[in-house]
Amino acid sequence: MQTRVLTGITTTGTPHLGNYVGAIRPAVASSRRADVDAFYFMADYHALIKSDDPARIERSRLEIAATWLAAGLDPQRVTFYRQSDIPEIPELTWFLTCVTAKGLLNRAHAYKAAVDKNAETGEDADAGVTAGLYMYPVLMAADILAFNAHKVPVGRDQIQHIEMARDIAQRFNHIYGREFFVLPEVVIEEQVATLPGLDGRKMSKSYDNTIPLFAGGKKHLRDSIMRIVTDSRTPGEPKDPDSSSLFTIFRAFASEAESSAFKQALLDGIGWGEAKKVLFERIEADVAPMRESYDALIARPAVIEEILHEGAKKARAVAAPKIAELRDAIGLRSGVSIAVAPAVAKEESKAGNKPRFASFRDGDGSFRFRLFSAEGEELLLSKSFADPKAAGALQKRLKGLGATAAVLQVKRLALNLELDGEHVASTPDYRDEETRDEALTRLREALDQLAAQE
Ligand code: TRP
């Protein structure tokens with residue numbers, strides 16, 4: 001079974017080398033693993049908590065999307081989307097808000113830091129604190145829980161938020177009496193380097209000491225590297241690699257062999273100017289090809305938009321049935337569907353128009369079946385079973401499933417039905433994505449009709 005790995009990137013800044021080494025590069029690498037089902041998204045609702053500058057939000061969304069794609073993220077493989085394109089997230093945020101203890105949110109680090117700062121300056125405790133900042137952990141819990149994520153890779157400053165997401169999930173599960181949510185686990189990447197910035201402190205937007213990854217092009221990268229603070233040792237004097245930012249940054253890009261050569265050069269007294277040139281060339285070797293794709297993407301925002309749009313569709317195919325299930329569980333049921341659905345089903349069965357299974361034996365002797373809609377359209381073809389009883393048991397389960405409990409993975413031109421994390425049946429390949437999405441609706445309908453007959 002695949003592990004669903006989910007993480008969000010707040011869209012307020014411009015990606016820098018520290019983001020690349022610490023978050024983007026490891027996330028792209030992890031998304032390529034066969035056992036990982038990656039959900040990566042731009043947390044642009046979270047960005048609104050930090051910034052009320054529309055131009056900055058817009059720019060950052062575009063830059064971050066282009067950066068992740070240029071860094072090798074494959075949107076066919078990964079579900080890559082914008083938080084604000086998924087209306088199920090704010091909906092779930094409200095459901096969770098109503099089970100979240102206010103006291104839990106009082107303890108959130110970011111909120112407490114703001115209150116403490118106000119206390120220091122003698123202000124009212126909540127001066128300048130928006131309800132958005134206060135609710136930040138609940139929105140983040142919804143980001144994670146809407147997709148049943150197993151693992152959430154984040155920086156250390158976010159650990160508390162994942163713990164809160166677990167608390168909130170458990171509370172909801174407890175109140176409504178079922179395991180609606182997977183309890184997410186935090187993943188802290190211990191191996192990845194934290195890069196020092198221009199002044200030697202951790203590279204961070206809040207210290208204004210960053211080296212941009214793509215923005216400003218090759219020249220800006222070189223100029224920034226030339227500005228990294230060093231000690232006053234002159235050319236010829238040995239340099240201490242372990243206390244040098246240049247060496248730390250170099251190592252994050254280079255192989256072992258390259259790193260030991262650079263280390264030796266420092267010990268042998270290479271001048272700082274020369275060392276910076278070596279560092280620049282090493283980084284540029286990695287960055288140049290990515291920058292080329294980045295520039296091409298930034299020049300064609302419509303392409304990015306299209307990719308994100310597709311990502312949102314894939315993400316909603318997971319979140320929408322989840323929300324439907326939750327709405328039902330908490331009592332937000334449609335009066336119409338409760339009263340009318342069984343009657344409709346009965347009428348249909350009178351006319352003989354209902355979805356049906358057709359079992360058959362495959363050429364290799366194995367057993368399979370198809371699901372046809374009430375109108376006779378083929379909706380699903382099951383996998384092969386050696387034992388006809390197993391095929392029958394699956395039909396039975398599908399009958400009881402209904403659309404809300406069905407996990408339908410959206411593939412490029414088809415849909416896969418999963419049970420307990422295992423692929424059990426697929427639709428035919430459709431002509432295009434629109435046709436596929438229409439078929440998704442009909443398949444859900446058929447599953448609901450089957451369940452209503454049970
Ligand atoms: N708050 C995270 C940060 O600032 C970004 C984020 C938002 C996130 N929603 C998330 C990370 C869900 C992981 C999962 O880094």
Side-chain angles (χ1 to χ4, degrees), residues 3-16 18-28 30-31 36-51 56-57 60-61 64-65 67-68 73 78-86 88-93 96-97 100 105 108-114 130 132-169 181-189 192 194 202-206 210 311-312 315 318-319 322:
T3 302
R4 182 160 293 163
V5 175
L6 175 146
T7 196
I9 311 105
T10 308
T11 52
T12 40
T14 298
H16 54 69
N19 299 138
Y20 175 68
V21 167
I24 303 170
R25 194 174 60 185
V28 171
S30 142
S31 75
V36 166
D37 177 18
F39 277 57
Y40 297 154
F41 69 97
M42 282 175 279
D44 50 359
Y45 280 145
H46 278 104
L48 298 178
I49 297 170
K50 295 191 182 148
S51 169
R56 178 158 165 224
I57 301 269
S60 174
R61 291 200 322 171
I64 290 179
T67 299
W68 281 71
L73 194 74
V78 176
T79 305
F80 184 51
Y81 55 100
R82 272 183 304 231
Q83 187 184 31
S84 66
D85 286 337
I86 316 294
E88 287 78 12
I89 293 176
E91 186 169 1
L92 178 56
T93 301
L96 299 177
T97 300
T100 300
L105 300 180
H109 297 320
Y111 169 69
K112 263 185 23 192
T130 64
L133 176 67
Y134 194 68
M135 294 295 299
Y136 188 112
V138 188
L139 176 58
M140 188 156 155
D143 291 334
I144 300 168
L145 302 177
F147 300 99
N148 276 339
H150 303 108
K151 305 244 162 168
V152 185
V154 284
R156 295 197 167 279
D157 60 324
Q158 298 292 318
I159 296 176
Q160 189 195 33
H161 290 146
I162 312 303
E163 285 167 358
M164 288 184 162
R166 290 174 66 94
D167 281 353
I168 295 169
F181 297 121
V182 169
L183 300 186
E185 278 171 38
V186 67
V187 182
I188 303 290
E189 300 258 8
V192 306
T194 317
K202 178 184 170 191
M203 192 181 296
S204 160
K205 200 173 35 169
S206 41
T210 61
V318 177
K322 179 100 215 151

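One-based numbering, in listed order, for ligands and for the atoms of each. Counting begins at 1 with the first residue of the sequence.
Here the straight-line distance linking atom CD1 of I162 with atom OG1 of T7 works out to 7.5 Å at 0.5 Å rounding. In this structure, CD1 in I86 is found 13.0 Å from CD in E91, a value given to the nearest 0.5 Å.
Aromatic ring orientation, Y111 versus Y134: perpendicular (interplanar angle above 60°, classes split at 30° and 60°).
Residue contacts with ligand 1 for F41 involve side-chain atoms from C-beta outward but no N, CA, C or O (heavy atoms, distance under 4.0 Å). Counting heavy atoms under 4.0 Å from ligand 1, residue D157 does not touch it at all. Contact annotation: for I144 versus ligand 1, heavy atoms closer than 4.0 Å belong to the side chain alone.
Distance from atom 2 (C) of ligand 1 to its nearest protein heavy atom, with residue and atom name: Q158 OE1, 3.4 Å. Protein heavy atom nearest atom 1 (N) of ligand 1, with residue, atom name and distance: Y136 OH, 2.6 Å. Of the protein's heavy atoms, H46 ND1, 3.4 Å lies nearest to atom 7 (C) of ligand 1.
The closest non-hydrogen atom to atom 8 (C) of ligand 1, taken over A110, A141, G8, comes from G8.
Contact check for F181 versus R166: no side-chain heavy atoms found under the 4.5 Å cut-off.
Here the two rings, on F147 and Y81, have centers that are under 6.0 Å apart.
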What verdict does the side chain to side chain contact (heavy atoms under 4.5 Å, CB included) test give for E88 and K322, after you've listed the backbone C-alpha separation in whole Å, the side-chain angles of each residue and the deciding distance to 0.1 Å? CA-CA 9 Å; E88 287 78 12; K322 179 100 215 151; over 6 Å; no

